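Shown next, in C-alpha cells, is the structure this report addresses.
Remember, it's a predicted structure, so these values are computed and weren't measured experimentally.
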Amino acid sequence: MKRSKRHQTNLISFIIILITVAILVLLAICLYKQPSLAVRFEAVIKWLSKLEHAVADLDTHIEILICLFALYIAKCQLPIPMGVLCLISGMVFSLPNAIILNVAFLAFFFIVKYIEGHWIGGGWAMMILNIRKIRFLKQWVMFRGSGNPYILVVSRLVPSIPLGMISKLYGSMNYDFIYYLVLSVLGFMPRLYIYTRIGSVLYNPFSKEFIVLIMIIVAFTGITSLVFNIFYGIRSRQMNQSLLLYSQKQKYKIVL
C-alpha cells in the first residue's frame, strides 16, 4: 500500500511536470518567433485592432457593465471560470477601471457564497473533508474549528482549487466575515491582475506581453499543482502509517 501510494504520487507529479514543461517550451518558442508570428498573422492582428477600437468607441458601457454583473451573478451557481470574467472586463474597460470592477464583483461573489455556506452548509468541500483517508486535511483546514486563515489565502492563490467550494466551507464554519472577505480578495489579487491584464492585451495575442503572461499562468498553475500533489502524498502516507501503528497497538491490547 505504501509503495503504491508513493508510485501514484510520483506518476501524477511526473505528468504535471511533463505537461507544464511542454507548454512552457511551446510558449518559449512562440516568444522567440514572436516577430515572425506577428508578420504571419498580421491580418488577424489588424482585425483584432479594429475590434479593440470599436469596443473603445462604444457608448454602451453601462449596458456592458450590467451584463458583466449578470455574469458574476450567474457565476454564483454556474461553473463559469473567474479568469474569463476578469478577462472580459480587461477587454472592455481600461486596466485601472477593470481591476476596480473585478474587485467589487469578486467581493460580491465571495459574499454570496459565504452566506450560502452559512445557511446551507459546507457542501462538497465538507463532504470531501469528511472522507476518512484525508481527515488530516480536515484537521488542518478546520484549525480548531474556527478555520485556517493561511489555507483561505492559499486556496484563493492556487488556480486548481474551486473558489465557491472554499467560500461555502468557511461560511459553514462561521469564520469571521470581515477577515474572510479581506483575505479572500487579497489572496486572489495576483490572479485577478494577471487575468485582467491578459484581457487588456488580448487584442494582440502574438505580442510578447501576452505570451509572457500566459507563461506565468502556466508555470504558476503547474508549480502549485505539483506542490499540492507532493504534500498530499506525504501527509497521506503519514496518516496510513499512524493508522497502522494504532491498529497494531489495539491488537496488542486485546491479546493482553
Can you confirm whether Leu65 sits close enough to Phe69 that some side-chain heavy atom of one is under 4.5 Å from a side-chain heavy atom of the other? no
Could you check if a side-chain atom of Tyr175 sits within less than 4.5 angstrom of a side-chain atom of Pro149, using non-hydrogen atoms only? yes
Heavy atoms, side chains only, cut-off 4.5 Å: are Ile66 and Ile62 in contact? yes
Are the side chain of Lys113 and the backbone N or O of Cys76 linked by a donor-acceptor pair below 3.5 Å? yes
Partner residues of Tyr32 under the ring-ring contact (aromatic ring centres under 6.0 Å, His included) criterion, sequence neighbours left out: none
Is there a side-chain hydrogen bond (donor to acceptor under 3.5 Å, both in side chains) between Tyr170 and Asp176? Walk through the geometry before answering. CA-CA 9 Å; Tyr170 276 77; Asp176 185 273; over 6 Å; no
Output all residues satisfying side chain to side chain donor-acceptor pair (under 3.5 Å) with Ser155, sequence neighbours left out; order by chain, then residue number. none
Measuring from atom CG of Leu226 to atom OG1 of Thr221, what distance do you get when rounded to the nearest 0.5 angstrom? 12.5 Å
Determine whether Phe110 and Leu163 make a side-chain contact, defined as any pair of heavy atoms from C-beta on separated by less than 4.5 Å. yes
With sequence neighbours left out, the residues meeting ring-ring contact (aromatic ring centres under 6.0 Å, His included) with Phe109 are none
Taking every heavy atom of Tyr180 against every heavy atom of Arg156, the minimum-distance pair comes out as CE1-NH2, 3.4 Å
Which atom of Leu152 lies closest to which atom of Ser184, heavy atoms considered: CD1-OG, 3.7 Å
Over all heavy atoms of both residues, which pair between Thr196 and Ala98 is shortest? Give the atoms and the distance, please. CG2-CB, 3.5 Å
With the side chain counted from C-beta on, respond yes when Lys75 and Leu71 share a heavy-atom pair under 4.5 Å apart, and no when they do not. no
Distance-minimising heavy-atom pair for Leu157 and Phe220: O-CE2, 3.0 Å
Does the side chain of Ile217 reach to within under 4.5 Å of the side chain of Tyr195, using non-hydrogen atoms? yes
Within the 4.5 Å heavy-atom criterion, are Ile194 and Ile216 side-chain neighbours or not? yes
Residues in ring-ring contact (aromatic ring centres under 6.0 Å, His included) contact with Phe177, at least two apart in sequence or another chain: Tyr114
Taking atom CD1 of Ile29 and atom CD1 of Ile211, what is their separation to the nearest 0.5 Å? 11.5 Å
Could you verify whether a donor N or O on one side chain and an acceptor N or O on the other, from Tyr72 and Asn102, lie under 3.5 Å apart? yes
Looking at Arg197, is its backbone amide N or carbonyl O close enough to the side chain of Ser200 to form a donor-acceptor pair, meaning the two atoms are under 3.5 Å apart? yes
Go through the steps for Ile23 and Ile19 under the test side-chain contact (heavy atoms from CB on, under 4.5 Å), then give the verdict. CA-CA 6 Å; Ile23 296 176; Ile19 294 175; 3.9 Å; yes
Grab the two heavy atoms, one from Leu68 and one from Ser89, that are nearest each other, plus how far apart they are. CD2-OG, 2.8 Å
Salt bridge (Lys or Arg N to Asp or Glu O under 4.0 Å) partners of Arg191, counting only residues at least two apart: none
Share the residues that join Leu26 in a hydrophobic cluster, the rule being Ile, Leu, Val, Met, Phe, Trp or Tyr side chains under 4.5 Å apart at the heavy-atom level. none
